[in-house]
Amino acid sequence: MSVNIKPLSDRVLVEPAQAETTTASGIIIPDTAKEKPQRGTVVAVGNGKKDHTMTVKIGDTVLYGKYAGTELKLDGKDYLIMREDDILAIV
């Protein structure tokens with residue numbers, strides 16, 4: 001995954017996972033009922049701050065808050081750019 005965006009400071013560029021289309025029991029979820037994904041893959045990482053080194057690295061699968069980050073579209077793909085503090089966990 002080569003992206004021409006380099007996040008600054010403690011920011012991270014995340015590619016959100018696709019929304020679930022079916023439930024575990026096989027029920028199809030309509031587009032109007034799909035929830036915003038809270039999981040994604042780190043695509044690019046900033047250098048961090050002077051007193052803070054970055055914990056996540058490119059390729060990590062992470063969990064983040066439902067309304068975390070700023071959405072952006074690049075080359076037809078959706079991405080989120082957020083501070084590393086908005087990431088809740090590495091899966």
Side-chain angles (χ1 to χ4, degrees):
M1 291 187 245
S2 179
V3 179
N4 293 334
I5 294 180
K6 176 67 176 165
L8 299 176
S9 188
D10 64 339
R11 289 185 172 77
V12 177
L13 186 68
V14 176
E15 183 177 358
Q18 296 296 320
E20 296 291 324
T21 56
T22 59
T23 63
S25 60
I27 298 172
I28 297 173
I29 302 171
D31 289 338
T32 56
K34 288 183 184 173
E35 290 193 18
K36 192 173 175 184
Q38 293 176 296
R39 170 183 273 196
T41 304
V42 176
V43 178
V45 178
N47 294 329
K49 291 186 176 179
K50 182 172 32 172
D51 59 340
H52 175 78
T53 57
M54 299 298 280
T55 306
V56 296
K57 54 190 176 302
I58 295 173
D60 284 348
T61 301
V62 294
L63 299 176
Y64 49 86
K66 186 175 267 192
Y67 301 106
T70 302
E71 296 177 356
L72 61 115
K73 193 169 208 142
L74 179 70
D75 297 331
K77 286 189 168 185
D78 292 326
Y79 295 100
L80 287 171
I81 191 160
M82 65 184 72
R83 294 192 178 275
E84 187 182 40
D85 293 342
D86 292 337
I87 294 175
L88 305 174
I90 299 172
V91 181

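Heavy-atom basis, side chains included; hydrogens, waters and symmetry copies ignored.
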Between Asp86 and Ala68, which heavy-atom pair has the shortest distance, and what is it?
-> CB-CB, 4.0 Å

Identify, with sequence neighbours excluded, every residue that meets side chain to side chain contact (heavy atoms under 4.5 Å, CB included) alongside Glu71.
-> Lys36, Leu80

Can you name the nearest heavy-atom pair linking Ile81 to Pro7, along with the distance?
-> CD1-CB, 4.3 Å

Is a donor on one side and an acceptor on the other found under 3.5 Å between the side chain of Lys57 and the backbone of Ala44?
-> no

Same apolar cluster (I L V M F W Y, side chains within < 4.5 Å links), Val14/Leu63 = no

May I ask you to test the Ile5-Leu72 pair for a side-chain heavy-atom distance under 4.5 Å?
-> yes

Under the side chain to side chain donor-acceptor pair (under 3.5 Å) rule, collect the residues that match up with Thr53, sequence neighbours excluded.
-> none

Kindly compute the distance separating CG (Leu88) from CZ (Arg39), expressed to the nearest 0.5 Å.
-> 12.5 Å

Separation between CD1 of Ile87 and CG of Asp60, rounded to the nearest 0.5 Å = 8.5 Å

Minimum heavy-atom distance between Met54 and Asn47, given as atom pair plus value | CG-C, 4.0 Å

So, for Val62 and Val42, which heavy atoms are closest and what is the spacing to 0.1 Å?
-> CG1-CG2, 3.8 Å

Might you point out which heavy atoms bring Leu13 and Tyr79 nearest each other, and give the distance in Å?
-> CD1-CB, 3.7 Å

Sidechain-backbone polar pair: Glu84 side chain, Val56 backbone, donor-acceptor under 3.5 Å | yes

For Arg83, which residues count as a side chain to side chain donor-acceptor pair (under 3.5 Å) partner, sequence neighbours excluded?
-> Asp10

Shortest non-hydrogen pair, Ser9 vs Lys49, comes out as OG-CG, 3.4 Å

